[in-house]
Amino acid sequence: MNINKVVFAGRIGQIKSSATADGTAIVNLRIASSKKYKDKSGNLQEKTTWMSAVAFNKQAEVINQYFQKGSEIYIEGSLEVRNWEDKQGQKRESIEIRIAEFQFVGSKSNTDSGTTQSHAP
């Protein structure tokens with residue numbers, strides 16, 4: 001059995017929208033999720049994990065319209081490996097979440113929406 005499902009929630013640190021040559025909307029996100037814990041000495045520590053995520057078509061349009069840097073977001077999707085070549089010709093690889101569903105999280109001031117909404121493709 002193979003399972004590739006990711007659930008991630010946090011604050012958007014970066015949001016970039018673009019489109020393909022054929023007009024397909026794309027939104028790329030960097031999302032930060034922090035957790036607090038006590039170390040061996042009992043001191044409160046915080047660790048932040050950053051993830052890249054991508055959405056396409058209508059989802060990309062909605063995310064771009066209603067979310068901004070600092071907005072909270074909940075996403076579900078799958079991990080995908082993306083390969084590309086940088087400006088120096090070096091082959092690069094990154095792992096990102098391909099968004100299947102997302103929800104507004106937090107207060108109205110964060111998302112311009114007072115209700116929780118779910119969006120699937």
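Note on F56 and I12: separate hydrophobic clusters, where clusters join Ile, Leu, Val, Met, Phe, Trp and Tyr whose side-chain heavy atoms are under 4.5 Å apart, directly or indirectly. Follow the hydrophobic side-chain contacts under 4.5 Å out from F8 and you reach V81 in the same cluster. A continuous path of ILVMFWY side-chain contacts below 4.5 Å connects V105 to V7, so both sit in one hydrophobic cluster. Clustering ILVMFWY residues whenever any of their side-chain heavy atoms sit less than 4.5 angstrom apart, transitively, puts I63 in a cluster other than the one holding V54. Following chains of ILVMFWY side-chain contacts shorter than 4.5 Å, one cannot reach I26 starting from I15, and the two form parts of different hydrophobic clusters.
Annotation: side chain of R98 is not in contact with side chain of E96 (no heavy-atom distance under 4.5 Å). Contact check for M51 versus L79: side-chain heavy atoms found under the 4.5 Å cut-off. Under the 4.5 Å side-chain criterion, counting only non-hydrogen atoms from C-beta, K35 is not in contact with S33. Between I99 and L29 there is a side-chain heavy-atom pair separated by less than 4.5 Å. A heavy-atom distance below 4.5 Å is not found between the side chains of F104 and S71. By the 4.5 Å heavy-atom criterion applied to side chains, V62 and F67 are not counted as neighbours.
Note that NZ of K16 is 13.0 Å distant from CG of N64, once rounded to the nearest 0.5 Å. For the atom pair NZ of K38 and CD of Q45, the computed distance is 11.5 Å after rounding to the nearest 0.5 Å. Here the OG1 atom belonging to T24 is positioned 9.5 Å from the CD atom belonging to E61, to the nearest 0.5 angstrom. Of the inter-residue distances, the one linking N4 atom CG with I97 atom CD1 reads 10.0 Å to the nearest 0.5 angstrom. The distance from atom NZ of K58 to atom CD of Q65, rounded to the nearest 0.5 Å, is 7.5 Å.
When the shell of 6.0 Å around CG of N2 is examined, it contains 12 or fewer heavy atoms from other residues, nucleotides or ligands.
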What's the verdict on side-chain contact (heavy atoms from CB on, under 4.5 Å) for E101 and Q103, showing C-alpha distance, side-chain angles and the deciding distance?
CA-CA 7 Å; E101 293 184 41; Q103 290 183 359; 5.7 Å; no
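When all heavy atoms of Q59 and A100 are compared, the pair lying nearest together is NE2-O, 2.8 Å. Between Q88 and D86 the shortest heavy-atom distance is N-OD1, 3.0 Å. Between A55 and A60, the closest heavy-atom pair is O-CB, 3.4 Å. For the pair S52 and I95, the tightest heavy-atom approach, listed with the atom from each and the gap, is CB-O, 4.3 Å.
Looking at Y74 and E76, their side chains do bring a donor and an acceptor atom within 3.5 Å of each other.
Checking side-chain atoms of R11 against main-chain N and O of G70 turns up a donor-acceptor pair under 3.5 Å.
Looking at residues two or more places apart in sequence or on another chain, you find a side chain to side chain contact (heavy atoms under 4.5 Å, CB included) between K47 and Y37.
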